[in-house]
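I have placed the structure first, in the form of C-alpha cells, so that the comments after it can refer back to it.
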Amino acid sequence: MENPHQSLIMQQCFEKYINLAYSTIGLSSAMVLQSFKNKDVSVMNHLHKGFDEKAIEVRLDKVSLCCLFDTDDACNSTFLCLDDPDYLKLYIDYCSQTYTYNFLLNGWMVKNCCLRVQRGKEEFFFALLPVSTEYLR
C-alpha cells in the first residue's frame, strides 16, 4: 500500500517541477542557463534536415527538465523526464486533481500552456507546450 505522506511529498515535488518548466517558457538559452547555474546542465545542438535545434537539459532531483528553443533562441517547449516510471500514475492523478483537462488539446491546462503525457521510445514523459492566444479566447 502507498504511503499517503510519501505520495503528498512526491506530488508537491512534481508541482515544483511543473512550475520550473513553466518558468522557462519564453526565456533565452542564456537565461535558462543562468537560472540553473547550480545544477548539472547539458547543452545540445541537433542538426536535422538543415534545421539547427538547441536543447538544454537540466538535472533536477527526480526528473530531467529539457528545454527546446526556437530560431529566435526562446524556449518554446519543455519536457519533464521521470527518473522513476513508477511515479507516472501518481503524477497523472495529481494533474487530474489540480488542472483542467482539455480534450481538444489532449492535456491539462497550466496557465497558458498544455501539459501532456507523451510516450518516448522507452518511457513516458510530460511535455509542457504553450497554447496560442487565439485558442485561449
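Just so it is clear, the values below take in all heavy atoms, side chains as well, and ignore hydrogens, waters and symmetry mates. If you read the sequence from its start, that first residue is 1, and numbering goes on from there. This is a predicted model, so every value here is computed, not measured.
Taking each heavy atom of Arg116 and Leu129 in turn, the nearest pair found is NH1-CD1, 3.2 Å. Minimum heavy-atom separation, Asn76 to Ile25: C-CD1, 4.3 Å. Leu115 and Cys95 get closest at one heavy-atom pair: CD2-SG, 3.6 Å. When all heavy atoms of Leu27 and Ser23 are compared, the pair lying nearest together is CD1-O, 3.3 Å. Considering every non-hydrogen atom in both Cys66 and Ala55, the closest pair reads SG-CB, 4.2 Å.
More than 12 non-hydrogen atoms from other residues, nucleotides or ligands lie less than 6.0 angstrom from CE of Met44.
Phe126 pairs in a ring pair (Phe, Tyr, Trp, His ring centres under 6.0 Å) with only one of the listed residues (Phe14, Tyr94, Tyr87, Tyr22), which is Phe14.
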(request) Report the C-alpha separation of Leu80 and Tyr91 in whole Å, then their side-chain angles, then the decisive distance to 0.1 Å, and conclude whether the side chain to side chain contact (heavy atoms under 4.5 Å, CB included) test is met. (result) CA-CA 11 Å; Leu80 294 169; Tyr91 293 157; over 6 Å; no
(message) side-chain hydrogen bond (donor to acceptor under 3.5 Å, both in side chains), that's the test. Do Ser29 and Asp73 meet it? Break it down for me.
(response) CA-CA 6 Å; Ser29 58; Asp73 194 40; 2.9 Å; yes
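Rounding to the nearest 0.5 angstrom, the gap separating the CG atom in Leu20 from the OG1 atom in Thr78 is 10.0 Å. Rounded to the nearest 0.5 angstrom, Cys114 SG and Leu104 CG are separated by 10.0 Å. In this structure, CD1 on Ile92 lies 9.5 Å from OH on Tyr101, to the nearest 0.5 angstrom. Rounding to the nearest 0.5 angstrom, the gap separating the CZ atom in Arg59 from the SG atom in Cys81 is 9.5 Å.
Classification of the Phe125-Phe79 ring pair by plane angle, with boundaries at 30° and 60°, yields perpendicular.
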